[in-house]
Amino acid sequence: MPPSRPEAILPGMTNALTLLVFSACLGACAPGIPEIPPPASSVTRRETLAASRAYTSMIWRGSLRNVRHGTDGDGIRTDTPDASAAGYDAGAWWKPGMRSIGMPYKWGGFDTPRQFSERLKADAANGGLPAAAGDMGTPEKQAAGDAAVSRFAAGVDCSGFVSRCWRLDRPFSTRELPALCTRLPSWEDLRTGDILIVPGRHVLLFIQWEGTEKSRFLGSEAGPLPAWKCSEHVFSRSMLENSGYRPMRYRGMRD
């Protein structure tokens with residue numbers, strides 16, 4: 001199902017969102033690469049949605065030099081979500097030389113769109129060689145936690161994505177984000193920029209309800225399925241409720 005128009009929640013914001021995302025780029029980043037605002041003590045709902053869409057709609061093109069399957073220079077296993085190898089992961093998707101949309105997921109990642117684009121070409125952490133385009137959150141990485149983060153891969157993970165959208169100054173993990181939030185009394189109270197979270201597992205952004213019955217909603221995430229990337233989907237409320245997701249609002253959120 002195609003995403004509903006965001007005016008249903010925030011009237012007249014389509015043009016404002018476009019201006020917000022791309023005006024920040026003028027004189028500050030490469031043409032065509034959307035940038036996001038710098039860290040701040042608070043964020044508006046419009047800024048949150050604009051940042052989210054800077055990640056989900058960014059266009060990039062990876063090469064074979066951005067593919068990694070094996071251990072990096074620190075001995076950490078790295079697997080890019082590329083669909084170029086036989087037997088690739090179900091959530092792998094980008095192909096070398098092809099146009100890709102949405103920043104790829106990277107375990108422990110916190111790159112901005114501009115940083116990601118620059119690192120694909122030349123990465124200072126990798127001696128000027130191109131960075132790996134993403135790094136899937138395999139069960140082994142989930143078990144190892146921070147020790148499995150590769151500094152040679154570029155991208156963003158689920159909590160890093162939310163942290164950037166909220167203009168936080170560092171990546172807050174899914175276990176840390178609830179301390180910055182107020183738990184909402186009801187799912188019906190969800191508004192653009194709020195989150196659904198299971199601490200220690202996953203977090204996603206709420207955008208808007210789909211229909212008046214409020215059984216489905218449009219949201220965004222840096223997630224594993226249907227692909228390891230930043231994207232927007234329509235989610236089932238009952239499925240997430242049954243999986244233990246909690247509705248929360250960042251205390252620094254402004255209308």
Side-chain angles (χ1 to χ4, degrees), residues 33-36 51-52 54-85 88-96 100-126 129-166 168 170-177 200-205 220-232:
I33 301 298
E35 191 50 288
I36 59 174
S52 170
Y55 279 93
T56 62
S57 66
M58 77 168 294
I59 298 172
W60 59 283
R61 195 181 301 268
S63 72
L64 287 172
R65 301 184 74 191
N66 303 122
V67 173
R68 301 283 195 285
H69 294 288
T71 55
D72 65 13
D74 295 329
I76 296 173
R77 176 78 191 190
T78 304
D79 286 287
T80 48
D82 64 285
S84 61
Y88 61 82
D89 183 273
W93 61 284
W94 71 266
K95 295 181 180 181
S100 300
I101 301 177
M103 185 183 294
Y105 179 100
K106 181 234 168 163
W107 180 260
F110 190 55
D111 287 317
T112 67
R114 183 185 182 191
Q115 289 169 342
F116 173 78
S117 179
E118 292 174 344
R119 294 185 67 197
L120 287 194
K121 300 171 186 175
D123 185 23
N126 200 20
L129 297 175
D135 186 14
M136 294 182 286
T138 61
E140 292 76 18
K141 284 189 176 289
Q142 294 172 27
D146 290 344
V149 176
S150 172
R151 61 191 178 97
F152 300 105
V156 70
D157 68 7
C158 65
S159 57
F161 170 71
V162 169
S163 298
R164 285 295 190 188
C165 291
W166 284 354
L168 302 180
R170 67 170 179 86
F172 282 73
S173 71
T174 57
R175 290 185 175 86
E176 295 175 305
L177 285 172
R201 196 198 317 169
H202 191 52
V203 62
L204 57 97
L205 276 175
S220 59
E221 64 176 347
L225 294 174
W228 289 98
K229 63 185 287 188
C230 297
S231 57
E232 289 187 5

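Only a predicted model underlies this, so the values are computations on that prediction, with no experimental measurement involved.
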Student: Test your reading of the model: is there a side-chain donor-acceptor pair from S163 to the backbone of F172, 3.5 Å cut-off?
Tutor: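 Yes: the side chain of S163 pairs with the backbone of F172.
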
Student: What is the minimum heavy-atom distance between P171 and G160, and which atoms define it?
Tutor: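 Closest approach of P171 to G160, heavy atoms only: CB-CA, 4.5 Å.
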
Student: In Å and rounded to the nearest 0.5 Å, what is the CH2 to CH2 distance from W60 to W94?
Tutor: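 Going from the CH2 atom of W60 to the CH2 atom of W94 covers 5.0 Å.
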
Student: Using every non-hydrogen atom in the two residues, find where A54 and P34 come nearest and quote the distance to one decimal.
Tutor: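 Taking A54 first and P34 second, the nearest heavy atoms are O-CG, 3.5 Å.
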
Student: Do you know which two heavy atoms are closest between V67 and T80, and how far apart they sit?
Tutor: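 Residues V67 and T80, closest heavy atoms: CA-OG1, 3.7 Å.
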
Student: K106 and F116: side chain to side chain contact (heavy atoms under 4.5 Å, CB included), yes or no, with the steps?
Tutor: CA-CA 11 Å; K106 181 234 168 163; F116 173 78; over 6 Å; no

Student: Check P96 against S84 and note the closest heavy-atom contact, atom names and distance.
Tutor: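 Shortest heavy-atom separation between P96 and S84 comes out as CD-CB, 3.7 Å.
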
Student: Taking atom OG1 of T78 and atom CZ of R151, what is their separation to the nearest 0.5 Å?
Tutor: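 T78 atom OG1 to R151 atom CZ measures 11.0 Å (nearest 0.5 Å).
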
Student: With side chains defined as the heavy atoms from C-beta onward, is the minimum distance between P113 and I36 less than 4.5 Å?
Tutor: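 When only atoms from C-beta onward are counted, I36 and P113 do touch, with a gap below 4.5 Å.
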
Student: For a 4.5 angstrom cut-off between non-hydrogen side-chain atoms, does D123 reach N66?
Tutor: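 Answer no - side chains too far apart.
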
Student: Quick one: pull up OG in S100 and CD1 in I59 and give me the separation to the nearest 0.5 Å.
Tutor: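 With rounding to 0.5 Å, OG (S100) is 10.0 Å from CD1 (I59).
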
Student: For D74, I'd like to know if atom CG has over 12 heavy atoms of other residues, nucleotides or ligands within 6.0 Å.
Tutor: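 Yes, because the 6.0 Å sphere around CG of D74 holds more than 12 heavy atoms from other groups.
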
Student: Report the C-alpha distance between F161 and L205 in whole Å, list the side-chain angles of each, state the deciding distance to 0.1 Å, and finish with yes or no for side chain to side chain contact (heavy atoms under 4.5 Å, CB included).
Tutor: CA-CA 9 Å; F161 170 71; L205 276 175; 3.9 Å; yes

Student: Could you report the tightest heavy-atom contact between I76 and A148, atom names first, then the distance?
Tutor: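 That closest heavy-atom pairing would be CG2-O, 3.3 Å.
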
Student: What I'd like to find out is whether the side chain of W107 reaches to under 4.5 Å of the side chain of T138, using heavy atoms alone.
Tutor: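 No, their side chains stay 4.5 Å or more apart.
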
Student: Under 3.5 Å, is there a donor-acceptor pair between the side chain of D157 and the main chain of Y105?
Tutor: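 Such a contact is absent between D157 side chain and Y105 backbone.
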
Student: Check whether NZ of the Lys or CZ of the Arg R170 lies under 6.0 Å from the centre of the six-membered ring of F110 and within 45 degrees of that ring's axis.
Tutor: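 No, cation not above the ring by the 6.0 Å, 45° rule.
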
Student: Quick check: does any side chain N or O of E221 sit under 3.5 Å from a backbone N or O of C158, one acting as donor and the other as acceptor?
Tutor: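 Checking the backbone N and O of C158 against the side chain of E221, no donor-acceptor pair under 3.5 Å is found.
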
Student: Please give me the minimum heavy-atom distance between G223 and H202, naming the atom from each residue.
Tutor: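 For G223 and H202, the tightest heavy-atom pair comes out as CA-CE1, 4.2 Å.
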
Student: Between the main-chain N or O of M136 and the side-chain N or O of K141, is there a donor-acceptor pair closer than 3.5 Å?
Tutor: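 Side chain of K141 to backbone of M136, a donor-acceptor pair under 3.5 Å: no, none is there.
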
Student: Could you tell me whether the side chain of R114 and the main chain of I33 form a donor-acceptor pair under 3.5 Å?
Tutor: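 No, because the side chain of R114 does not come within donor-acceptor range (under 3.5 Å) of the backbone of I33.
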
Student: Which value, rounded to the nearest 0.5 Å, describes the distance between R68 atom CZ and D135 atom CG?
Tutor: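 One finds 10.5 Å between CZ of R68 and CG of D135.
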
Student: Report yes if the side chains of W93 and P226 come closer than 4.5 Å at any heavy-atom pair, otherwise no.
Tutor: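 With C-beta onward as the side chain, the pair stays apart.
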
Student: Between S220 and T56, is any side-chain donor less than 3.5 angstrom from a side-chain acceptor?
Tutor: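 The answer is no; no qualifying pair exists.
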
Student: Are the side chains of D111 and R164 in touch, meaning some heavy atoms are under 4.5 Å apart?
Tutor: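 A side-chain contact is absent here, since even the closest heavy-atom pair is not under 4.5 Å.
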
Student: How many angstroms lie between atom CE of M103 and atom CG of L120, to the nearest 0.5 angstrom?
Tutor: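 Rounded to the nearest 0.5 Å, the CE-CG separation comes to 8.5 Å.
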
Student: Hey, could you give me the CZ/OG1 distance between R201 and T174, rounded to the nearest 0.5 Å?
Tutor: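 Output value for this atom pair is 9.5 Å.
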
